[in-house]
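When reading the values below, keep in mind they use all heavy atoms of this one structure, side chains included, and skip hydrogens, waters and symmetry mates. Lettering of chains follows the sequences in order, A, B, ..., and the numbering in each one begins at 1.
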Amino acid sequence: MKKTILLMAVAISSVAVFAQKKTTTSGTIAFDATTAIDALPKAENKTVIAAIDTKSGTVLFEALVKSFSFGNPMMQEHFNSPKWFDSDKDPKASFSGTITNLKEVNFKKDGIYKATVDGDLTLKGITNKVSTVATIEVKGKSVITTADFTVKLVDYKIGDAKGKLAGEPKITVSAVLN
Amino acid sequence: MVSENKKLSKSSIKKFLIAIAILVAIGIAAVWYIFTETFTDTAIEKAAFTVTAHLFIKEFETDLVKSNKKYTEQIITVNGRIDAIENADTTVNIKMADSTTGSYAIFAFQQKDMAKVKQLKEGDSVSIKGSCSGGAYSDILQMHFINFKRCAVN
């Protein structure tokens, strides 16, 4: 009897843990470093892994740098080169953060919420603090997130194009987590 | 004699200027080509490898470094069964997974193939050709994953 109760408790807690962790393997990150004189440094990665723990407010993203797809082959080569993201040496970009105003986001009720997310962004093996306001839409069992922010390439020792590309590219993150 | 030298000099200058103009034109054409070049349609690219999804994923699970050296940035045809079709912004990705470990290969498609992709269903057997972005171990999902970009349905 005790064994059955224990097994049931484990099963229920497993379901609860599973329900509070929403994931996707098809998140999208758009990278836009275009300027008035260079429209080429623009790419999208549509195979980003993302997870949100709705109970703790933990937000995680993980992306392969080589998965950023450019329209122009030369620009894609530059993006992956040692002076830029050095994807052979550091193949992954990642973000680990938390929703700081978790009380204002009700994951149990459909709606659109503004969430402040603070965390660590790691690019080219260098980690810096990032803070952004994300939009979280709760729709049934799905959580749809979008966020825009900029990163200072100099903080990650990226690029040497002498002003030809934006020093602070716009990063747009979107994901449908289930 | 002086007049002949002048003529020769004028003719040399003319030839020199024409050569410079040709070189400048070639240079401009080369720069224009590099900056406006786009990727070739993957559907007409020749695959360097043809693999089955299950064995391909196993290869990455067994030796990630060796597999990345072999397959990254290569055009590969992967044959397998669709385990999931996932929305990625306005497009969809196709996923083939190892049912025992959960490790997976995921394919993001070139825009011109999107209509074909949207007709596919989970469980369909499919042949996909794409540019392999390499594989890694996911710290979030605790499994291996292999990404593809600019894919086409064979």
Side-chain angles (χ1 to χ4, degrees), chain A residues 21-30 37-41 43-53 58-80 87-88 90-96 122 142 144 146 164 172-178, chain B residues 30-40 42 45 64-65 68-69 71-74 83-97 102-111 114 117 130-151:
Chain A
K21 192 180 176 185
K22 306 277 185 189
T23 62
T24 181
T25 53
S26 290
T28 299
I29 297 177
I37 56 165
D38 195 347
L40 295 179
E44 263 191 331
N45 182 340
K46 295 193 168 191
T47 48
V48 176
I49 296 170
I52 286 186
D53 188 317
T58 304
V59 179
L60 302 166
F61 280 87
E62 200 174 29
L64 274 189
V65 176
K66 281 192 198 298
S67 291
F68 280 89
S69 185
F70 285 78
N72 179 268
M74 178 199 65
M75 192 48 66
Q76 189 165 295
E77 204 179 310
H78 283 178
F79 184 81
N80 285 288
S87 60
D88 283 333
D90 292 296
K92 275 202 286 187
S94 63
F95 175 80
S96 173
T122 304
S142 297
I144 302 152
T146 50
K164 269 179 87 184
T172 305
V173 182
S174 58
V176 180
L177 302 111
N178 293 297
Chain B
V31 169
W32 182 84
Y33 175 76
I34 289 167
F35 279 87
T36 57
E37 190 189 4
T38 54
F39 282 98
T40 310
T42 307
E45 289 248 48
L64 193 59
V65 175
N68 271 323
K69 260 187 192 160
Y71 295 118
T72 303
E73 300 298 7
Q74 298 283 345
D83 285 289
I85 296 175
E86 297 181 347
N87 290 321
D89 203 5
T90 54
T91 62
V92 291
N93 292 339
I94 279 178
K95 200 166 159 184
M96 298 178 189
S103 296
Y104 66 89
I106 191 158
F107 305 88
F109 289 84
Q110 51 186 19
Q111 196 57 45
M114 205 41 66
V117 178
S131 171
C132 182
S133 309
Y137 184 78
S138 168
D139 298 317
I140 298 174
L141 302 173
Q142 307 282 298
M143 61 179 71
H144 287 86
F145 66 99
I146 307 138
N147 287 358
F148 282 82
K149 57 184 176 284
R150 298 196 321 275
C151 295

Just wondering, more than 12 heavy atoms not from Q142(B) lying within 6.0 Å of its CD?
yes
Report, as yes or no, whether the 6.0 Å neighbourhood of atom CD on E77(A) holds more than 12 heavy atoms from other residues, nucleotides or ligands.
no
Who among S69(A), A51(A), G71(A) has the most heavy-atom pairs with chain B under 4.5 Å?
G71(A)
Find the one option among N45(A), L60(A), L64(A), I144(A) whose heavy-atom pairs under 4.5 Å with chain B are most numerous.
L64(A)
In Å, rounded to the nearest 0.5 Å, how long is the span from CD of Q76(A) to NZ of K149(B)?
5.0 Å
Spacing of CD1 belonging to I49(A) relative to CD1 belonging to I140(B), to within rounding of 0.5 Å
6.0 Å
What part of [X] gets closer than 4.5 Å to chain B, counting heavy atoms only: side chain, backbone, both or neither?
X: T47(A); value: both
X: K46(A); value: both
X: P91(A); value: neither
X: T28(A); value: side chain

Give the C-alpha distance, both sets of side-chain angles, the deciding distance and a yes or no for side chain to side chain contact (heavy atoms under 4.5 Å, CB included) between Y104(B) and T25(A).
CA-CA 10 Å; Y104(B) 66 89; T25(A) 53; 3.2 Å; yes
Counting heavy-atom pairs under 4.5 Å with chain A, which one of A88(B), C132(B), A84(B) comes out on top?
A88(B)
In terms of heavy-atom pairs under 4.5 Å with chain A, the winner among T91(B), N68(B), N93(B), D89(B) is N93(B)
Provide the closest heavy-atom pair for [X] versus [Y] in the form atom of the first, atom of the second, distance.
X: S26(A); Y: E86(B); value: OG-OE1, 2.5 Å
X: F39(B); Y: F70(A); value: CE1-O, 3.2 Å
X: E62(A); Y: S138(B); value: OE1-OG, 2.6 Å

For Y137(B), is it the side chain, the backbone, both or neither that has a heavy atom under 4.5 Å from a heavy atom of chain A?
backbone
Taking atom types as modelled and ignoring hydrogens, do the side chains of T72(B) and K66(A) form a donor-acceptor contact shorter than 3.5 angstrom?
no
